[in-house]
Amino acid sequence: MTERSWGGTKLADRRAARRQTLLDVAERLAGEEGCAAVTVRSVCREARLTDRYFYESFTGRDDLLLAAFERVADEARRALEGAVATGGPQREVRARAAVSAFVGLVLDAPHKGRLLLLEPFADPALGARSHLLMPVFTDLVGGQLAGTGDDIDRRLAAHALVGGLANLFAGWLHGTLDVPRERLEAHCVELVLTATTSATASGKQPSPSGVADTHRYHANRTR
């Protein structure tokens with residue numbers, strides 16, 4: 001059966017476009033005005049859609065907000081994985097590429113950074129989901145620390161590094177850390193390099209891409 005179309009656009013495509021619009025509005029409102037500004041009414045008004053179209057994609061306000069949050073988190077994950085995979089074998093080059101990729105997301109698009117790093121402290125649903133997503137980033141970092149001691153050392157270092165970097169970016173976005181952006185980036189690179197120094201000292205280098213080591217690290221962590 002041929003899918004019905006309207007004005008040359010298929011129904012599924014129109015639904016997908018409406019869902020994308022709702023996510024875009026929720027992301028912007030949450031990042032610019034805070035999660036409290038995200039309601040079914042406010043999002044529908046900004047998106048110029050009726051609540052009928054809202055509920056064809058989302059069960060309610062929290063469902064939409066979590067979907068917007070997860071979309072930004074996934075964008076951050078993909079940006080970091082891409083930077084690590086293409087950064088080459090040199091630790092400093094990979095560290096700079098990873099920091100630059102994350103900065104490009106959370107500082108160049110500050111509404112995304114605030115939704116990802118600040119709003120989980122204000123909204124219980126986002127806070128719970130943020131904790132569930134944290135292993136995605138600690139596993140990625142842990143894979144880059146391969147060869148730096150035992151698995152417990154890597155897990156501790158990965159959690160400390162992810163938490164420290166997140167707090168630095170959150171402070172900069174919140175305005176409580178008033179430092180030049182270039183100094184913030186340089187400091188973050190130094191933190192990443194310091195965390196991997198023991199790999200050089202032991203004569204072992206993390207893999208150029210870190211992807212394989214990330215999978216091995218995650219497998220060991222979940223045993």
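Numbers here are sequence positions counted from 1. What you see below is based on every heavy atom in this structure, not just the backbone, and it leaves out hydrogens, waters and symmetry mates.
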Partners meeting side chain to side chain contact (heavy atoms under 4.5 Å, CB included) with [X] (sequence neighbours left out):
X      : result
Arg96  : Glu92, Val189
Ala79  : Ala101
Arg77  : Asp74, Glu81, Val136, Phe137
Leu132 : Arg129

[X] [atom1] to [Y] [atom2] distance, which is reported to the nearest 0.5 Å:
X      : Y      : atom1 : atom2 : answer
Asp62  : Asp123 : CG    : CG    : 6.5 Å
Leu65  : Leu126 : CG    : CG    : 4.0 Å
Glu75  : Leu80  : CD    : CG    : 11.0 Å
Thr194 : Leu161 : OG1   : CG    : 9.5 Å
Leu107 : Glu185 : CG    : CD    : 7.0 Å

Report all side-chain donor-acceptor pairs from residues 171-178 shorter than 3.5 Å, counting only partners two or more places apart or in another chain.
unit_1 : atom_1 : unit_2 : atom_2 : d
Trp172 : NE1    : Val179 : O      : 3.0
Thr176 : OG1    : Gly171 : O      : 3.4

**Study point:** Under the salt bridge (Lys or Arg N to Asp or Glu O under 4.0 Å) test, residues paired with Glu46 that sit two or more places apart
**Key:** Arg28
Check your understanding: Does Arg71 have any salt bridge (Lys or Arg N to Asp or Glu O under 4.0 Å) partners at least two apart in sequence or in another chain, and if so, which?
Key -> Asp24, Glu27
For [X], give me all partners under side chain to side chain donor-acceptor pair (under 3.5 Å), at least two apart in sequence or on another chain.
X     : value
Ser42 : Thr39
Glu56 : Arg18
Glu33 : none

Review point. Do any pairs count as a ring pair (Phe, Tyr, Trp, His ring centres under 6.0 Å) and have a residue in residues 42-73, sequence neighbours left out, and if so which ones?
Key: Phe54-Phe58
**Study point:** Pairs involving residues 96-136, ordered by first then second residue, that meet ring pair (Phe, Tyr, Trp, His ring centres under 6.0 Å) (sequence neighbours left out)
**Key:** Phe102-Phe169
Review point. Quick one: does Leu191's side chain get under 4.5 Å of Val99's, heavy atoms only?
Key: no
Point to revise | Side chains of Arg61 and Cys35 in contact at under 4.5 Å (non-hydrogen atoms) | key: yes
Review point. Between Val43 and Val38, what is the shortest heavy-atom contact and its length?
Key: CG2-CG1, 3.9 Å
Practice item. Quick one: closest heavy-atom pair of Leu115 and Pro120, and the distance? Key: O-CD, 3.3 Å
Point to revise | Audit row: Leu165, Val192, side-chain contact (heavy atoms from CB on, under 4.5 Å) steps and yes/no | key: CA-CA 9 Å; Leu165 292 172; Val192 174; 4.2 Å; yes
Check your understanding: Okay, side chain of Ser100, backbone of Ala97: is any donor-acceptor separation there less than 3.5 Å?
Key -> no
Check your understanding: With distance as the sole test, does His159 use its side chain to make a donor-acceptor pair with the main-chain N or O of Arg155 at under 3.5 Å?
Key -> yes
Review point. Of the options Leu140, Val141, Asp139, which is the one that meets Val162 in a side-chain contact (heavy atoms from CB on, under 4.5 Å)?
Key: Val141
